[in-house]
Amino acid sequence: MSSGTPSQPVQEFFSIGEVCQLTDLKPHVLRYWESQFRFLNPAKNRSGNRVYQRREIELIMLVKHLLYTEKYTIEGARQKIEQYRRSGELKPEARRALATETVKELRAELKSVLGILEGS
DNA sequence: ATTCTCACA
DNA sequence: TGTGAGTA
């Protein structure tokens with residue numbers, strides 16, 4: 001199976017560097033998106049460094065897909081995600097984008113993504 | 001080495 | 001978005 005192997009614990013927290021490697025995005029892009037999408041608020045550790053949760057990485061992948069693959073503008077992506085939030089469902093393309101990313105461990109259910117979207 | 005904020009192109 | 005400066 002590709003998910004949940006009991007013997008090998010799944011990583012829970014990620015540094016911005018790890019997220020960048022996983023999403024193929026640059027740190028400054030991630031920080032910029034934070035200023036554009038309210039739902040992208042990684043926690044900060046004691047020293048002020050960003051600590052990402054898997055769900056946030058999924059959201060980042062979704063934003064990346066909307067922006068780069070579907071070529072939405074920042075505003076367009078915001079509206080689209082707001083739309084997902086209301087309808088409670090993702091379009092097949094976006095869904096595929098999340099499942100296609102070769103990072104098996106990041107493949108959580110879309111419910112978790114939609115959950116984070118609540119109150120954005 | 002890595003990440004952070006801020007400034008600026 | 002990209003890059004550099006000066007930090008922590």
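Atom set for the values below is all heavy atoms of this structure, side chains included, hydrogens, waters and symmetry mates excluded. Keep in mind the model is a prediction, meaning the values are calculated, not measured. Residue numbers begin at 1 in each chain, while the letters A, B, ... track the order of the sequences.
Among C:dT1, B:dC4, B:dT5, the nucleotide with an atom closest to any side-chain atom of A:Y68 is C:dT1. Side chain of A:N49, nearest nucleotide from C:dT1, B:dT5, B:dT3: B:dT3.
Between atom CZ of residue A:F39 and atom CZ of residue A:R55 there is a gap of 15.0 Å, rounded to the nearest 0.5 Å.
The distance between atom NZ of A:K64 and atom P of C:dT1, rounded to the nearest whole Å, is 11 Å. A straight line from OH of A:Y32 to P of B:dT5 spans 16 Å, rounded to a whole angstrom. Between the CD1 atom of A:I16 and the P atom of C:dA8 there is a distance of 19 Å, given to the nearest Å. For the pair A:Q21 CD and B:dA1 C1', the interatomic distance rounds to 15 Å; values are reported in whole Å. Atom CG in A:L30 sits about 15 Å away from atom C1' in B:dT2, given to the nearest Å. The CZ-P distance, from A:R31 to C:dT1, rounds to 14 Å in whole Å. Regarding A:E18, its CD atom lies at a distance of 11 Å from the C1' atom of B:dT2, rounded to whole Å. Atom CH2 in A:W33 sits about 11 Å away from atom C1' in C:dT1, given to the nearest Å.
Residue-level contact check: A:R50 touches the backbone only, with heavy atoms under 4.0 Å from sugar-phosphate atoms and none from bases. Nucleic acid contact for A:K26: none, since no nucleic acid atom lies under 4.0 Å from a heavy atom of the residue.
Across the strands present, B:dA1 finds no partner; the criterion is a Watson-Crick or G-U wobble pair with both atom distances under 3.5 angstrom. When Watson-Crick and G-U wobble pairs are counted only if both distances are under 3.5 Å, C:dT7 pairs with no nucleotide at all.
Proximity of A:S15 to the phosphate of B:dT3: a side-chain N or O atom is located under 4.0 Å from OP1 or OP2. Neither OP1 nor OP2 of C:dT1 sits under 4.0 Å from any side-chain N or O of A:H28.
Ranked by how close their nearest DNA chain C nucleotide is to the 5' end, A:S47 and A:I74 are led by A:I74.
Taking the six-membered ring where tryptophan is involved, the planes of A:F37 and A:W33 are perpendicular, since the angle between them exceeds 60° and thus also 30°.
A donor atom on one side chain and an acceptor atom on the other are found under 3.5 Å apart for A:E75 and A:Q79.
Taking hydrophobic clusters as Ile, Leu, Val, Met, Phe, Trp and Tyr residues chained together by side-chain heavy-atom distances below 4.5 Å, A:Y72 shares a cluster with A:Y32.
A:E70 and A:K80 are not joined by a salt bridge, as no carboxylate oxygen comes within less than 4.0 angstrom of a charged side-chain nitrogen.
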